[in-house]
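Keep in mind the model is a prediction, meaning the values are calculated, not measured. All values below come from the heavy atoms of this structure, side chains included, with hydrogens, waters and symmetry mates left out. Throughout, protein chains are lettered first and strands after them, A, B, ... in sequence-line order, and every chain is numbered starting at 1.
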Number of protein chains: 2
Amino acid sequence: MKWSDLDQDPCPVARAMSVVGDRWTLLILREAFLGTLRFDGFQDRLGITRHLLAERLKKLEALGLMHRTPYQERPLRHEYRLTPTGRAFGPVMLLLVDWATENLPSDLPPPVRVVSLEDGREVDPVVVDRATGTPLTYETMRLRRT
Amino acid sequence: MKWSDLDQDPCPVARAMSVVGDRWTLLILREAFLGTLRFDGFQDRLGITRHLLAERLKKLEALGLMHRTPYQERPLRHEYRLTPTGRAFGPVMLLLVDWATENLPSDLPPPVRVVSLEDGREVDPVVVDRATGTPLTYETMRLRRT
DNA sequence: GTTATGGGTTCCAAATAGGAACTTACTGAT
DNA sequence: ATCAGTAAGTTCCTATTTGGAACCCATAAC
């Protein structure tokens, strides 16, 4: 299997990995969700090399998670924003944060949290089935080959 | 930032990336959720090199997502199973599958799906707040630096 | 004794990542 | 007019990871 063709794989897990399986990409998305818009903003926050940052942003644009739009001309400068596809990744990011917080221990307090826009309180996510409302966990569901 | 220290980072997104940010690891977890138990089972299914598979399994064991137990002695042979931490990754995997299916198009039908153990029907996941039941999307929540 | 099975390790080439300097196109200050 | 600064990259070179194949070991089966 070639890494570069992973985004064409029929398996959604493989296509998801073409996004989150690249070094740095998840952190770039974190910054985007936190409101970072510009190339140097990502670079300063993450300490990623400019070279890789340019590549990752290009790939995220190609995959449709981010888009680049000019915020000024002369000199031409662009900003990077999440597309609807990128924003739809929000719940996945939330679940990743929740899972890592609960399952990969750290002695330092987390420098980010997810808050409700309604009341500003930290959210406590649970995945349920849309139709029945049943919580979906390893105990109530299975991945199956079709 | 050193890649090898990512699992010690105070940010849960960084710690999550230490799991899903390695090449192959998400696919290894997919196979584990599908029921694969043995080294050669993973290797046959994925076409990963034995070298990398051994490394990834070691890392997943070290991070606490999988554990290795003997299923026979003479000759000693082990199988790999998800730990509670690994099984807790189930809802994240489910959300990743759902997001990729909806947002990263493929012309071929997906070779896996997630079904309910109760009625066998394909699940339709939605993330809600445990206390209020409010759906959690980009429109109702934000990641914040603390 | 030879072949097969399961679970690895070793070796080397190829691809990817990291670090630093360089480039382009301006703006604003001296 | 020159110099420093800003924003967004690109280039070059080295270090680390990955990919591919072969090799190793213990045992069982033919």
Side-chain angles (χ1 to χ4, degrees), chain A residues 1-9 14 17-29 31-32 35-63 66-81, chain B residues 1-9 14 17-29 31-32 35-63 66-81:
Chain A
M1 191 187 302
K2 279 166 205 129
W3 185 254
S4 52
D5 300 341
L6 213 58
D7 57 344
Q8 305 294 323
D9 197 281
M17 198 173 64
S18 79
V19 175
V20 301
D22 271 322
R23 244 166 228 215
W24 294 107
T25 296
L26 206 58
L27 296 184
I28 291 170
L29 289 173
E31 288 310 309
T36 300
L37 293 172
R38 299 189 186 172
F39 191 91
D40 275 20
F42 287 102
Q43 216 262 314
D44 293 348
R45 287 277 179 200
L46 298 176
I48 184 177
T49 63
R50 311 179 69 72
H51 179 56
L52 272 194
L53 177 57
E55 267 205 359
R56 292 299 185 262
L57 288 171
K58 236 172 253 173
K59 184 165 174 187
L60 284 170
E61 217 192 331
L63 288 168
M66 303 193 77
H67 68 129
R68 206 172 67 126
T69 60
Y71 65 88
Q72 69 170 37
E73 309 195 355
R74 330 200 43 76
L76 187 57
R77 292 284 179 269
H78 299 92
E79 61 185 12
Y80 295 86
R81 284 180 184 276
Chain B
M1 193 186 303
K2 278 166 207 130
W3 185 254
S4 52
D5 300 341
L6 213 59
D7 57 344
Q8 304 295 321
D9 197 281
M17 197 172 67
S18 80
V19 175
V20 301
D22 271 322
R23 242 166 230 213
W24 294 106
T25 296
L26 205 58
L27 296 185
I28 292 171
L29 288 173
E31 288 310 308
T36 300
L37 292 172
R38 299 189 186 173
F39 191 92
D40 276 20
F42 288 103
Q43 217 260 315
D44 294 348
R45 287 276 179 200
L46 298 174
I48 184 177
T49 64
R50 312 178 69 71
H51 179 56
L52 272 194
L53 177 58
E55 267 206 358
R56 293 296 185 263
L57 288 172
K58 236 173 253 175
K59 184 164 174 186
L60 284 170
E61 216 192 333
L63 288 168
M66 302 193 78
H67 69 129
R68 208 172 66 125
T69 60
Y71 67 86
Q72 70 170 37
E73 310 197 355
R74 328 199 44 76
L76 187 58
R77 293 286 178 265
H78 299 92
E79 62 187 11
Y80 295 86
R81 285 180 183 275

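Rounded to whole Å, the distance from CH2 on A:Trp3 to P on D:dT17 is 15 Å. Taking atom NZ on A:Lys2 and atom P on D:dG19, their separation rounds to 12 Å, with Å as the unit. In this structure, CZ of B:Arg23 is placed 13 Å from P of D:dT17, rounded to the nearest angstrom. Between the NE2 atom of A:His78 and the P atom of C:dA25 there is a distance of 14 Å, given to the nearest Å. The distance from atom CD of B:Gln72 to atom C1' of C:dG6 is 8 Å, rounded to the nearest whole Å. Here D:dT17 presents its P atom at 18 Å from CG of B:Leu53, a figure rounded to the nearest Å. Taking atom CD on A:Glu73 and atom P on C:dC26, their separation rounds to 11 Å, with Å as the unit. Atoms CG (B:Leu52) and C1' (D:dT17) sit 8 Å apart, rounded to a whole Å.
Of the candidate nucleotides C:dG8, D:dA8, C:dG19, C:dG19 has the atom lying nearest to any side-chain atom of A:His51. Of the listed nucleotides (C:dA25, C:dG8, D:dT11), C:dG8 has the atom at the smallest distance from the side chain of B:Phe39. For A:Tyr71, taking side-chain heavy atoms from C-beta onward, the closest of the listed nucleotides D:dG9, D:dA8, C:dG18 is D:dA8.
The stretch residues 55-63 of chain B touches DNA chain D through B:Arg56, each having a heavy atom under 4.0 angstrom from the strand.
Judged by distance alone with a 3.5 Å cut-off, no donor-acceptor contact links the side chain of A:Arg38 to the base of D:dA8.
To the nearest 0.5 Å, the span separating CD on A:Glu79 from CZ on A:Arg68 amounts to 11.5 Å. In this structure, B:Asp22 CG and A:Met17 CE are separated by 10.0 Å, a value rounded to the nearest 0.5 Å. Separation of atoms OG (B:Ser18) and CG (B:Leu6) is listed at 5.5 Å; rounding is to 0.5 Å.
Looking at heavy atoms from C-beta onward, B:Leu60 lies in side-chain contact with B:Leu29 at the 4.5 angstrom threshold.
Close to C:dT23, at under 4.0 Å from its OP1 or OP2, lies no side-chain N or O of A:Arg50. Phosphate proximity of C:dG6 to B:Tyr80: absent, as no side-chain N or O sits under 4.0 Å from OP1 or OP2. A close approach under 4.0 Å does occur between a side-chain nitrogen or oxygen of B:Trp24 and OP1 or OP2 of D:dG19.
Scanning both residues, A:Val19 and A:Thr25, for their nearest heavy atoms gives O-CG2, 3.1 Å. Heavy atoms only, all atoms of each residue included: A:Glu61 and A:His67 are closest at CG-CA, 4.0 Å. Residues A:Thr36 and A:Gly41 share a closest heavy-atom pair of CG2-C, 3.6 Å. Between B:His78 and B:Pro70 the shortest heavy-atom distance is CD2-N, 3.6 Å.
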With the criterion being N/O to N/O and under 3.5 Å, what pairs connect the protein with nucleotides 1-6 of chain D, and how long is each?
none

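Ring geometry, B:Phe39 versus B:Tyr80: the interplanar angle falls from 30° to 60°, so the pair is classed tilted.
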Would you be so kind as to tabulate the donor-acceptor pairs closer than 3.5 Å made by side chains of residues 46-56 of chain A, with sequence neighbours excluded?
unit_1, atom_1, unit_2, atom_2, d
A:Thr49, OG1, A:Leu52, N, 3.3
A:Arg50, NH1, A:Gln43, OE1, 3.1
A:Arg50, NH2, A:Asp40, OD1, 2.9
A:Arg56, NE, A:Arg23, O, 2.9
A:Arg56, NH2, A:Arg23, O, 3.4

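Both A:Leu76 and A:Asp22 lie near DNA chain C, and the one whose nearest nucleotide falls closer to the 5' end is A:Asp22. Two residues, A:Thr49 and A:Pro75, neighbour DNA chain C, and the one matched to the more 5' nucleotide by heavy-atom proximity is A:Thr49.
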